[in-house]
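Each chain gets a letter, A, B and so on, in the order the sequences are listed, and its residues count up from 1.
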Number of protein chains: 2
Amino acid sequence: MKRNTWQREAVREALSSTEGFVSAQGLHMTLHGAGSPIGLATVYRALADLASEGDADSLQSPDGESLYRACTTGHHHHLICRNCGLTVEIEADAVEQWAKTAAAAHGFTQAQHVVDVFGLCENCTRAAAAAE
Amino acid sequence: MKRNTWQREAVREALSSTEGFVSAQGLHMTLHGAGSPIGLATVYRALADLASEGDADSLQSPDGESLYRACTTGHHHHLICRNCGLTVEIEADAVEQWAKTAAAAHGFTQAQHVVDVFGLCENCTRAAAAAE
DNA sequence: ACCCTTGTTGATAATGATTGTCAAAACCCT
DNA sequence: AGGGTTTTGACAATCATTATCAACAAGGGT
């Protein structure tokens with residue numbers, strides 16, 4: 001049976017009150033900063049539970065961390081500068097539809113998609129041009 | 001100065017002759033299996049170099065491994081079964097256009113996109129349903 | 001309200017991928 | 001061929017994440 005603990009609630013709340021994506025470690029630090037004695041392993045477990053129940057989305061940052069966000073807001077993707085790391089959120093309703101359709105067309109279910117665009121942002125484009 | 005070593009060539013070739021994505025460790029095992037005494041750290045370095053020169057694309061698998069693939073000119077995307085590993089190639093002209101447009105709208109240049117869909121294939125969906 | 005079963009917690013150890021270290025070897029230019 | 005410098009590779013170090021397991025607490029039954 002699934003039990004309700006203040007720890008799970010704390011993680012759920014901390015996640016929903018966070019803008020954008022957070023790592024498990026980051027969320028743990030946030031909670032500690034707010035005076036919560038919650039354990040790191042518990043944060044990982046709570047996030048994994050939220051994700052598997054569909055209450056949170058997870059993705060991998062370019063350097064391999066798992067990032068989470070509350071699943072209430074609309075799903076979006078990222079435009080990431082490969083040089084300076086600047087990240088811009090982008091909407092992609094068309095892509096959502098495409099991913100769903102393509103998955104269904106091949107009999108796939110529970111599709112999650114990894115859709116990220118890497119490039120050079122305006123500043124880094126200028127810097128690269130100047131360096132040549 | 002950048003030097004040409006047989007190790008770098010070996011990695012480049014092993015990568016291009018691989019269908020789909022490979023992890024650094026996987027590529028290292030492949031090379032060893034083929035009799036190459038190349039070191040693991042070297043494979044990591046070579047892949048990082050290829051990626052930073054634009055000769056390879058990298059993405060993170062759902063469980064946090066870095067995966068690489070040769071950067072082919074005419075590229076396609078993948079529909080990957082998260083349970084059995086089945087991979088289906090899918091076309092995505094619409095997504096190509098969208099990625100280009102989105103990048104340009106934010107001042108980004110040299111956009112490359114990583115678009116892959118993970119899900120459960122038909123068989124694994126049935127297996128999962130039966131297990132419940 | 002109290003106990004009892006069982007899911008949950010959390011400090012810490014373990015894991016596993018990736019990166020740093022540094023002496024020895026390989027490469028490239030002259 | 002010789003020399004300066006990059007690259008290699010075995011191994012140690014690092015970092016996020018997961019497993020371990022004894023102590024704890026939630027919730028149902030009485």
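- Rounded to a whole Å, the CG atom of B:Asn4 is 10 Å from the P atom of C:dC29.
- Atom CG of A:Leu40 is separated from atom P of C:dA13 by 14 Å (rounded to the nearest Å).
- Going from atom OG1 of A:Thr5 over to atom CD1 of A:Ile38 covers 7.5 Å, rounded to the nearest 0.5 Å.
- Look at CD1 on A:Ile38: it is 15 Å from P on D:dA25, rounded to the nearest Å.
- The pair B:Glu13-B:Arg8 fails the salt-bridge criterion, with no side-chain N (NZ, NE, NH1 or NH2) lying under 4.0 Å from an Asp/Glu carboxylate O.
- Contacts of B:Glu65 with the nucleic acid, taken as non-hydrogen atoms under 4.0 Å apart, involve only primed sugar atoms and P, OP1 or OP2.
- Among the protein residues, B:Gln7 comes within range of the sugar-phosphate backbone only, with heavy atoms under 4.0 Å from sugar or phosphate atoms but none that close to a base.
- As a whole-Å value, the separation of B:Tyr44 OH from D:dA10 C1' is 15 Å.
- When each of C:dT8, D:dA19, D:dC11 is scored by its nearest atom to the side-chain atoms of A:Ala41, the top-ranked nucleotide is D:dA19.
- Atoms OG and NE2, from B:Ser36 and B:His28 in turn, are 7.5 Å apart once rounded to the nearest 0.5 Å.
- Between the C1' atom of C:dA17 and the OH atom of B:Tyr68 lies a distance of 11 Å, rounded to the nearest Å.
- Heavy atoms of B:Arg8 sit under 4.0 angstrom from primed sugar atoms or phosphate atoms, though from no base atom.
- Chaining together hydrophobic side chains whose heavy atoms lie under 4.5 Å apart leaves A:Met29 on its own.
- Of the candidates D:dT17, C:dG20, C:dT9, the closest approach to any side-chain atom of A:Arg45 belongs to C:dT9.
- Rounding to whole angstrom units, CD of residue A:Glu9 and P of D:dA25 are separated by 18 Å.
- A:Thr5 comes within contact range of the sugar-phosphate backbone alone, with a heavy-atom separation under 4.0 Å but no base atom that close.
- At least one side-chain heavy atom of B:Val11 sits less than 4.5 Å from a side-chain heavy atom of B:Leu50.
- Between the side chain of A:Arg3 and the base of D:dG27, no donor-acceptor pair under 3.5 Å is found.
- Each of B:Lys2 and B:Leu67 lies near DNA chain C, and the nucleotide nearest B:Leu67 is the one positioned closer to the 5' end.
- Under 4.0 angstrom from either OP1 or OP2 of D:dT17 there lies at least one side-chain N or O belonging to A:Ser66.
- Heavy atoms of B:Ser23 sit nowhere under 4.0 angstrom from any nucleic acid atom.
- Here the C1' atom of nucleotide C:dG10 and the CD atom of A:Gln25 are 15 Å apart, to the nearest Å.
- Mapping B:Trp6 and A:Thr42 onto DNA chain C by nearest heavy atom places A:Thr42 closer to the 5' end of the strand.
- The distance from atom CG of B:Leu47 to atom P of C:dT18 is 10 Å, rounded to the nearest whole Å.
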